[in-house]
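Reading through the structure tokens given below for one structure.
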Number of protein chains: 2
Amino acid sequence: MSLRHAVLGMLAEGPASGYDLLQIFKDSLANVWPATQSQIYTELTKLAETGLIEVSDEGPRGRKEYTLTAAGLAEVRRWLTETEPKPVARNDMLLRVFCLGVLEHDQAHDYLSDIEDRMTKAGARLTELETSIEWDDDPFSIYGHIALEWGKRFYAMNQDWAQWALTQMPPPKR
Amino acid sequence: MSLRHAVLGMLAEGPASGYDLLQIFKDSLANVWPATQSQIYTELTKLAETGLIEVSDEGPRGRKEYTLTAAGLAEVRRWLTETEPKPVARNDMLLRVFCLGVLEHDQAHDYLSDIEDRMTKAGARLTELETSIEWDDDPFSIYGHIALEWGKRFYAMNQDWAQWALTQMPPPKR
DNA sequence: ACATTCATGTAAGTAGTTACATGATTCT
DNA sequence: AGAATCATGTAACTACTTACATGAATGT
């Protein structure tokens with residue numbers, strides 16, 4: 001149940017409305033912890049009920065700005081220091097690799113070559129994103145940058161691997 | 001809904017029972033597509049109802065061996081060639097990196113240093129696994145090996161990144 | 001005889017997705 | 001006046017997890 005902690009963690013940066021959080025989840029967290037609008041608003045209501053956050057301001061159009069309470073901050077810290085990160089799992093792309101044996105040689109080749117292409121592009125997109133952001137020297141900026149670097153390395157690794165994988169494919173039948 | 005395809009994909013390698021599949025998911029697919037016993041049996045029943053697989057043999061202790069039907073094989077191929085792999089998402093470890101600003105410098109340092117350690121160990125475990133398996137030259141073995149190589153590279157990348165991240169941390173307060 | 005492994009199934013709960021529904025404010 | 005953006009909420013569904021429940025066959 002890490003959406004709860006994702007929301008709390010973002011509110012630790014400062015007060016925000018559901019709509020504000022939605023933008024954060026769309027921009028910074030899209031590749032880290034995807035969340036839908038419906039999920040975010042539901043979670044905010046629940047968090048407010050349990051007292052981990054509270055409505056600190058109300059604006060136009062029914063806007064509600066939430067602030068982390070002391071209990072909420074303590075919970076973020078507890079989560080970070082006393083619980084272990086769940087290992088990444090569910091890799092659709094890799095699952096498919098396991099099944100490539102059912103395809104014709106050429107189709108399997110296309111699949112891997114497509115992956116390589118996709119990863120190259122995804123890496124380039126991140127590099128672009130990196131240059132478009134003015135990086136500050138506050139912690140959120142620094143850790144955000146560290147996370148982005150992970151993405152760049154991840155895509156580079158995938159790209160190299162896909163290229164290598166093509167050289168490892170079984171020879172065409174017949 | 002890729003569990004469906006994971007099951008179909010594994011049955012494409014040959015007939016298997018729910019119990020057999022459970023072992024495969026525990027051994028080979030644990031880091032690619034985790035699935036519980038309850039999920040697998042439920043999915044097998046549904047797949048049999050829709051005619052993508054069928055019971056091809058019954059053994060002792062109520063064992064039911066399932067075989068992919070022609071429709072099932074076609075579905076695996078369609079999935080592999082006509083649908084796109086979903087990009088990897090939900091990275092608990094990275095989500096936490098975004099939140100490290102709420103911790104004391106030393107605690108954040110410990111977190112990253114823990115990650116480095118964990119990744120080193122995970123990589124070593126995979127290398128061990130690799131040597132413990134007798135690799136064949138059939139497609140499943142080859143593609144399985146390609147997938148395992150991904151894991152090795154993934155952990156190596158994470159390890160390097162965590163090491164680098166430690167050098168990028170904001171200086172300790174005061 | 002007892003433990004382990006093989007073998008399946010269901011129920012209840014949590015998390016996540018998609019779709020629906022509404023309306024105020026701001027900008028051009 | 002109309003479009004875009006801001007802003008929230010709910011309902012129905014799908015996917016996944018945890019726990020419960022049972023029992024046959026095999027190995028020691």
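No experiment lies behind these values; they were computed from the predicted model shown. Numbered from 1 within each chain, the chains take letters A, B, ... in sequence-line order.
If you check D:dC16, C:dT18, D:dA15 against the side chain of B:Met1, the one that comes closest is D:dA15.
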Practice task
Take B:Ile142 and B:Ile146 through the test side chain to side chain contact (heavy atoms under 4.5 Å, CB included) and record every step on the way to the result.
Solution key: CA-CA 6 Å; B:Ile142 290 176; B:Ile146 290 175; 4.2 Å; yes
Exercise for the section: Would you please test A:Lys46 and A:Glu49 for salt bridge (Lys or Arg N to Asp or Glu O under 4.0 Å) and show each step? Expected result: CA-CA 5 Å; A:Lys46 277 194 255 165; A:Glu49 273 166 18; over 6 Å; no
Practice task
Test side-chain hydrogen bond (donor to acceptor under 3.5 Å, both in side chains) on B:His109 and B:Glu104 and set out the steps.
Solution key: CA-CA 9 Å; B:His109 183 279; B:Glu104 298 300 317; over 6 Å; no
Using a 3.5 Å cut-off and no angle test, enumerate the donor-acceptor pairs between side-chain atoms of residues 110-125 of chain B and protein atoms at least two apart in sequence or in another chain.
| from | atom 1 | to | atom 2 | distance (Å) |
| --- | --- | --- | --- | --- |
| B:Tyr111 | OH | B:Met93 | O | 2.8 |
| B:Asp114 | OD2 | B:Arg118 | NH2 | 3.4 |
| B:Glu116 | OE2 | B:Gln163 | NE2 | 3.4 |
| B:Asp117 | OD2 | B:Lys121 | NZ | 2.9 |
| B:Arg118 | NH1 | A:Glu84 | OE1 | 3.4 |
| B:Thr120 | OG1 | B:Glu116 | O | 2.7 |

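Rounded to whole Å, the distance from CD on A:Gln39 to C1' on C:dT14 is 11 Å. B:Leu95 has its CG atom 11 Å from the P atom of C:dG16, to the nearest Å. Residue A:Leu3 contributes atom CG, which lies 12 Å from atom C1' of C:dT14 at whole-angstrom precision. C:dA24 atom P lies 16 Å from atom CD of A:Glu58, rounded to whole Å. Rounded to whole Å, the distance from CD1 on B:Ile40 to P on C:dT10 is 15 Å.
Comparing A:Thr36 and B:Tyr66, the nucleotide of DNA chain C nearest to each residue sits closer to the 5' end for B:Tyr66.
With values rounded to the nearest 0.5 angstrom, A:Asp136 atom CG is found 8.5 Å from A:Glu134 atom CD. Here the CD1 atom belonging to B:Ile40 is positioned 11.0 Å from the CE atom belonging to B:Met10, to the nearest 0.5 angstrom. Atom CZ of B:Arg77 and atom SG of A:Cys99 lie 12.0 Å apart (nearest 0.5 Å). The distance from atom CZ of A:Phe98 to atom CH2 of B:Trp33, rounded to the nearest 0.5 Å, is 13.0 Å. For the atom pair CD of A:Glu149 and CG of A:Leu126, the computed distance is 10.0 Å after rounding to the nearest 0.5 Å.
For the pair B:His145 and A:Gln168, the minimum side-chain heavy-atom distance is 4.5 Å or more. At a threshold of 4.5 Å between non-hydrogen side-chain atoms, the residues B:Val7 and B:Arg4 do not count as touching.
Residue B:Tyr41 places at least one side-chain N or O under 4.0 Å from the OP1 or OP2 atom of C:dT8. Contact annotation: A:Arg63 side-chain N/O to D:dA7 OP1/OP2 distance is under 4.0 Å.
For the segment residues 10-26 of chain B, the set of residues with a heavy atom within less than 4.0 Å of an atom of DNA chain D is empty. Residues from residues 75-92 of chain A placing a heavy atom under 4.0 Å of any atom in DNA chain D, listed by number, are A:Arg90. Scanning residues 43-51 of chain A for heavy-atom distances under 4.0 Å to DNA chain D yields an empty list.
Between A:Glu58 and A:Arg63 no salt bridge is recorded (no basic side-chain N to carboxylate O distance below 4.0 Å). We find that A:Asp20 and A:Lys64 are not joined by a salt bridge, their nearest charged nitrogen and carboxylate oxygen being 4.0 Å or further apart.
The aromatic rings of B:Trp161 and A:Trp150 sit perpendicular to each other, their planes meeting at more than 60°, with 30° as the lower class boundary.
Placement of B:Tyr41 and B:Leu52 in two distinct hydrophobic clusters is found when ILVMFWY residues are connected by side-chain heavy-atom separations under 4.5 Å, directly or transitively.
In the helix from C:dA1-D:dT28 to C:dT28-D:dA1, the rotation axis of the first five pairs and that of the last five pairs differ in direction by 30°, rounded to 10 degrees.
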Please list each protein N or O that sits under 3.5 Å from an N or O in nucleotides 19-28 of chain D, with the distance.
| from | atom 1 | to | atom 2 | distance (Å) |
| --- | --- | --- | --- | --- |
| D:dA25 | O4' | B:Arg61 | NE | 3.4 |

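Between B:Arg96 and A:Thr83, the side chains place a donor N or O and an acceptor N or O closer than 3.5 Å (distance only, hydrogens not considered).
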